[in-house]
Amino acid sequence: MSSRPKTSKSDPSLPAPSRQRWRIARRCVQVSSIVLFALPILLAGWTLLGGTVGGANPLATPAELPFFPFYGTLSSSELVGINLTDPFATLQVVFASKTFMLEWLWYALPILLLYALIRGRVFCGWVCPVNFLLEGVDFLRTKLKLQVKERVVPRRIKIYVAAGILLVSALVSIPIFEVFTPIGAVSRGIVLGSTTGLVVLIAIVFVELFWGHRVWCRSLCPLGGFYQVLGRVGLINIRMDYDRCTHCGNCSEKCLTDPEILDPVLEGVETTVLAGDCMLCGECIDVCPTKALSAKLGLEHFKPSNAAKASKAAKPAAKDTTKK
Amino acid sequence: METQKLAPFLAGGVVAAQAAIFAVQHAMKRSHDLLRPPGVQDEQDFLARCIRCGRCIEACPYVCLKAANDASGMAVGTPVLNVRDQACKLCEDFPCVNACPTDALRNVESRADVDMGLAVIDTELCIAMKGMRCEVCYRVCPLIDTAITIDYRPREGDSIHAIFAPQVDAEKCVGCGLCVERCVIDDPDLAIKIVRDREKAIEETHIQQARV
């Protein structure tokens with residue numbers, strides 16, 4: 001990558017970069033997904049952070065608001081009578097309880113299908129409050145002029161962490177990630193005042209400030225690992241028009257996942273970012289000065305990739321470029 | 001830079017320490033004494049299924065359920081009751097049980113199916129045992145004359161006065177805790193409490209009754 005010429009100025013004849021359209025859209029979704037879960041509590045007249053006090057007479061509950069058919073947390077919620085449960089939490093329950101009930105599958109399926117259809121880790125980029133928080137930490141770190149390392153832990157580790165979580169859940173008979181989840185620390189903390197995963201969350205922020213860039217999200221989070229596997233399918237993909245690319249490196253600098261997932265398209269080996277890790281944050285699209293990058297609907301994952309075609313036709317050298 | 005080298009060990013250490021403390025508390029079965037909402041089968045079954053989503057908490061119209069804090073170890077985030085603050089009112093339709101997406105709370109059709117524990121009266125502290133007419137626990141009991149009855153008996157060494165002693169029926173009491181919420185005695189301790197383990201509760205009741 002370093003051998004590439006770095007062009008800081010784009011061709012004036014080309015259209016201007018699309019500024020921050022993706023980022024603004026993403027911020028809206030990130031904020032809404034916090035507000036959405038907090039709203040039923042407020043609408044019922046309850047207090048956030050678990051401060052509600054009950055009395056001798058029944059109160060209106062967030063669960064049964066006549067005009068707002070939604071309540072819950074990121075782990076499980078109900079929308080117009082339909083149960084929605086985090087599929088990874090469901091898997092942990094199956095392993096921990098060693099039982100399976102068909103209704104659990106029905107509750108997890110809508111969420112699973114939603115992310116499978118878009119792109120697994122779209123949860124991370126658009127919904128997860130921890131990623132949102134860490135984007136704030138990024139900003140803070142830049143302000144404080146703190147330097148941290150990149151890629152201290154390989155990003156595939158999180159798939160093994162996810163598998164490990166299921167194994168430990170079975171061993172101790174507890175859905176173990178739900179005890180330590182930093183996502184719950186934010187999501188359940190705001191809604192219920194639950195301190196689940198608070199220590200882990202503090203540790204993550206500390207590591208983010210003083211050690212490595214996005215160690216948790218990129219490499220350790222089991223939920224991210226689960227969605228990374230799911231991300232191997234997905235209908236929305238980042239596509240690159242190689243002829244327009246000026247190799248300015250802006251996209252690699254901004255990539256929230258790991259810049260290496262962009263390497264195959266930057267090297268012209270692929271036309272689509274195929275890595276299951278891509279969280280479709282759109283930062284790369286926003287910063288591209290020549291609009292070479294775009295999000296496209298399509299079944300790219302099921303078509304033979306260019307790299308596969310190339311390796312079939314010639315030597316299998318092209319594939320190696322995806323690894324560092 | 002020193003902080004950069006130490007940061008991962010510090011963060012990892014803190015998380016590992018918490019995990020270790022939780023594991024020890026779990027091994028000591030610390031959460032087995034926590035009071036749970038209706039529909040909990042046993043603590044092990046409950047912990048295997050509860051994903052700590054908090055939907056039961058959001059469904060309780062009396063806000064008697066709270067998320068357990070870090071001191072509860074592995075049970076952090078699971079629903080617990082402090083019946084002295086707010087007891088379970090045994091709603092007709094059990095919204096908490098219906099809200100549970102993983103059947104950690106289940107098999108509750110009527111009040112008789114609830115088993116949250118058993119009320120145990122401290123005969124040393126209960127003022128009714130001393131001859132005063134209190135009967136608060138008896139009157140607030142949602143299963144009045146079933147779970148708590150009044151045992152009328154003459155006061156020992158007193159030819160005119162009687163004792164109106166509350167009695168808990170171990171078969172009928174479901175452990176909602178309303179008696180605890182309303183008990184008038186709290187110094188040096190409450191005169192009634194809910195013991196989750198029924199066998200332990202029956203044992204304690206026998207010890208108490210032997211004193212009388």
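- Taking every heavy atom of both residues into account, B:Arg49 and A:Val93 meet most closely at O-CG2, 3.6 Å.
- Annotation: maximal heavy-atom pairing with chain A below 4.5 Å, among B:Val15, B:Leu178, B:Val76, occurs at B:Val76.
- Ranked by heavy-atom pairs shorter than 4.5 Å toward chain A, the options B:Pro8, B:Gly77, B:Cys64 are led by B:Pro8.
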### Task
Could you give me the CA-CA distance, side-chain angles and deciding distance for B:Ile51 and A:Asp86, then say whether side-chain contact (heavy atoms from CB on, under 4.5 Å) is met?
CA-CA 9 Å; B:Ile51 55 168; A:Asp86 169 5; 5.8 Å; no
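- The two residues A:Asn57 and B:Tyr62 have their closest heavy-atom pair at C-CE2, 3.6 Å.
- The parts of B:Asp103 that come within reach of chain A are both its backbone and its side chain, each placing non-hydrogen atoms under 4.5 angstrom from that chain.
- Heavy atoms only, all atoms of each residue included: A:Thr61 and B:Glu58 are closest at CB-O, 3.3 Å.
- Contact of B:Phe46 with chain A is not made at all, since no heavy-atom distance falls under 4.5 Å.
- Residue A:Tyr160 qualifies as open at atom OH: its count of foreign heavy atoms under 6.0 Å is 12 or below.
- Within a 6.0 Å sphere centred on OH of B:Tyr152, heavy atoms belonging to other residues, nucleotides or ligands number more than 12.
- The contact between B:Ala19 and chain A is made by backbone and side chain atoms together, counting heavy-atom distances below 4.5 Å.
- Of the N and O atoms on the side chains of A:Ser76 and B:Arg55, at least one donor lies less than 3.5 Å from an acceptor on the other residue.
- Chosen from A:Gly55, A:Ala56, A:Ala96, A:Ala44, the residue pairing most often with chain B at heavy-atom distances under 4.5 Å is A:Gly55.
- No other option in A:Thr73, A:Val179, A:Thr52 has as many heavy-atom pairs under 4.5 Å with chain B as A:Val179.
- Of the residues considered (B:Asp45, B:Thr102, B:Asp85, B:Thr78), B:Thr102 shows the highest number of contacts with chain A, using heavy-atom pairs under 4.5 Å.
- In B:Arg30, the CZ atom is not crowded: 12 or fewer heavy atoms of neighbouring residues, nucleotides or ligands sit closer than 6.0 Å.
- Comparing B:Gln44, B:Lys89, B:Met74, B:Glu181 by heavy-atom pairs within less than 4.5 Å of chain A, the highest count is held by B:Met74.
- Here the closest heavy-atom approach between residue A:Glu64 and residue B:Pro95 is recorded as OE2-CB, 4.2 Å.
- Of the atoms belonging to B:Leu10, it is side-chain heavy atoms, and not backbone ones, that fall under 4.5 Å from chain A.
- Within the 4.5 angstrom heavy-atom criterion, only backbone atoms of A:Val172 (N, CA, C, O) approach chain B.
- By the neighbour-count criterion of 12 heavy atoms within 6.0 Å, atom CZ of B:Phe9 is sparsely surrounded, having that number or fewer from other residues, nucleotides or ligands.
- Of the listed residues (B:Pro61, B:Ala59, B:Ala99), the greatest number of heavy-atom pairs within a distance under 4.5 Å of chain A belongs to B:Pro61.
- Neither the backbone nor the side chain of A:Lys98 comes within less than 4.5 Å of any heavy atom of chain B.
- Between chain B and the options A:Glu178, A:Gln92, A:Glu103, the largest number of non-hydrogen pairs under 4.5 Å is found for A:Glu178.
- Of all heavy-atom pairs between B:Ala67 and A:Ser194, the closest is CB-CB, 3.7 Å.
- Side chain of A:Arg188 to backbone of B:Cys53: no donor-acceptor contact under 3.5 angstrom is found.
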### Query
For B:Arg52 and A:Thr181, what are the C-alpha separation, side-chain angles and deciding distance, and is it a side-chain contact (heavy atoms from CB on, under 4.5 Å)?
CA-CA 10 Å; B:Arg52 301 140 208 256; A:Thr181 169; over 6 Å; no
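- The two residues A:Trp46 and B:Ile57 have their closest heavy-atom pair at CH2-O, 3.3 Å.
- Contacts of B:Cys50 with chain A are made by backbone atoms alone, with heavy-atom separations under 4.5 Å and no side-chain atom involved.
- Only the side chain of A:Thr99 comes within less than 4.5 Å of a heavy atom in chain B; its backbone stays farther off.
- Ranking A:Thr195, A:Val200, A:Leu209, A:Val215 against chain B, the residue ahead of the rest is A:Thr195, based on heavy-atom pairs under 4.5 Å.
- A distance of 10.5 Å separates CG of A:Leu192 from CG of B:Leu65, quoted to the nearest 0.5 Å.
- For chain B, no part of A:Phe95 is nearby; none of its heavy atoms comes within less than 4.5 Å.
- Interface residue A:Trp104: only side-chain heavy atoms are found under 4.5 Å from chain B.
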